Amino acid sequence: MTRYFFNIQSSSDCVEDNHGEEGALLQAAGTRAVESARELLPDLRDSRHAAQVFAFEIEDEHGRLYQRIPFTLAGTISPNTGAGQVH
């Protein structure tokens, strides 16, 4: 199993995920990132931060970047539609 890390990147900052989650499929990690972004979108709107400057960057334990998923994508994809296929 691969450990995936879900770092949150903005235009000026990065919040690193120091724990990560184990998973066998990159698609599942992508789906998890979209679901998490969907949960965070209301907080960004309430704080007047622009969602378009935020993205999840999914990396493995070696720091290899596998996917970059903009938060704005979470607002355009219906839940459970295979969002993890985004590259």
Side-chain angles (χ1 to χ4, degrees):
M1 291 217 132
T2 301
R3 180 168 290 276
Y4 294 106
F5 295 85
F6 299 84
N7 302 320
I8 298 176
Q9 182 71 46
S10 74
S11 57
S12 62
D13 200 12
C14 179
V15 178
E16 291 189 17
D17 173 6
N18 295 319
H19 301 288
E21 293 182 16
E22 285 195 10
L25 299 174
L26 181 58
Q27 180 177 353
T31 299
R32 171 79 169 96
V34 170
E35 290 170 354
S36 296
R38 187 174 288 116
E39 291 174 13
L40 293 170
L41 281 174
D43 293 334
L44 290 175
R45 288 186 192 116
D46 290 345
S47 68
R48 303 199 188 276
H49 285 94
Q52 63 266 22
V53 300
F54 289 91
F56 271 109
E57 292 188 344
I58 302 172
E59 297 180 347
D60 68 6
E61 60 270 7
H62 303 291
R64 285 181 286 223
L65 178 64
Y66 282 96
Q67 291 183 332
R68 184 173 197 282
I69 299 178
F71 277 33
T72 53
L73 186 63
T76 62
I77 294 178
S78 298
N80 303 317
T81 60
Q85 296 174 5
V86 176
H87 296 279

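FYI, side chains are in, hydrogens and waters are out, and symmetry mates aren't considered; it's all heavy atoms of this structure. This structure is a prediction, so every number in the text was calculated from the model and none was measured.
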Seminar exercise, completed: When every non-hydrogen atom of Phe54 is compared with those of Ile8, the smallest separation belongs to CD2-CG2, 4.0 Å
Problem set entry | Heavy-atom closest contact (Glu59 atom, Leu65 atom, distance) | CG-CA, 4.0 Å
For this session: Not counting sequence neighbours, which residues clear side chain to side chain contact (heavy atoms under 4.5 Å, CB included) with Glu22? List them please.
Result: Met1, Arg3
Exercise. Does a side-chain heavy-atom distance below 4.5 Å link Phe6 with Glu21?
Worked result: yes
Problem set entry | Nearest-0.5 Å distance, CZ of residue Phe5 to CZ of residue Arg64 | 12.0 Å
Exercise. Within a radius of less than 6.0 Å around NE2 of His62, do more than 12 heavy atoms belonging to other residues, nucleotides or ligands occur?
Worked result: yes
For this session: Supply the atom-to-atom distance Ile69 CD1 to Gln9 CD, rounded to the nearest 0.5 angstrom.
Result: 14.0 Å
For this session: Indicate if Leu25 and Tyr66 have the same hydrophobic cluster label, given that clusters are the connected sets of ILVMFWY residues with side-chain heavy-atom separations under 4.5 angstrom.
Result: no
For this session: Calculate, to the nearest 0.5 Å, the distance between atoms CG and OG1 belonging to Leu26 and Thr2 respectively.
Result: 9.0 Å
For this session: Please name all residues satisfying ring-ring contact (aromatic ring centres under 6.0 Å, His included) with Phe56, sequence neighbours left out, ordered by chain then number.
Result: Phe71
Exercise. Which pair of non-hydrogen atoms, one from Ala55 and one from Pro70, has the smallest distance, and what is that distance?
Worked result: CB-CA, 3.8 Å
Exercise. By salt bridge (Lys or Arg N to Asp or Glu O under 4.0 Å), which residues pair with Asp17, not counting sequence neighbours?
Worked result: none
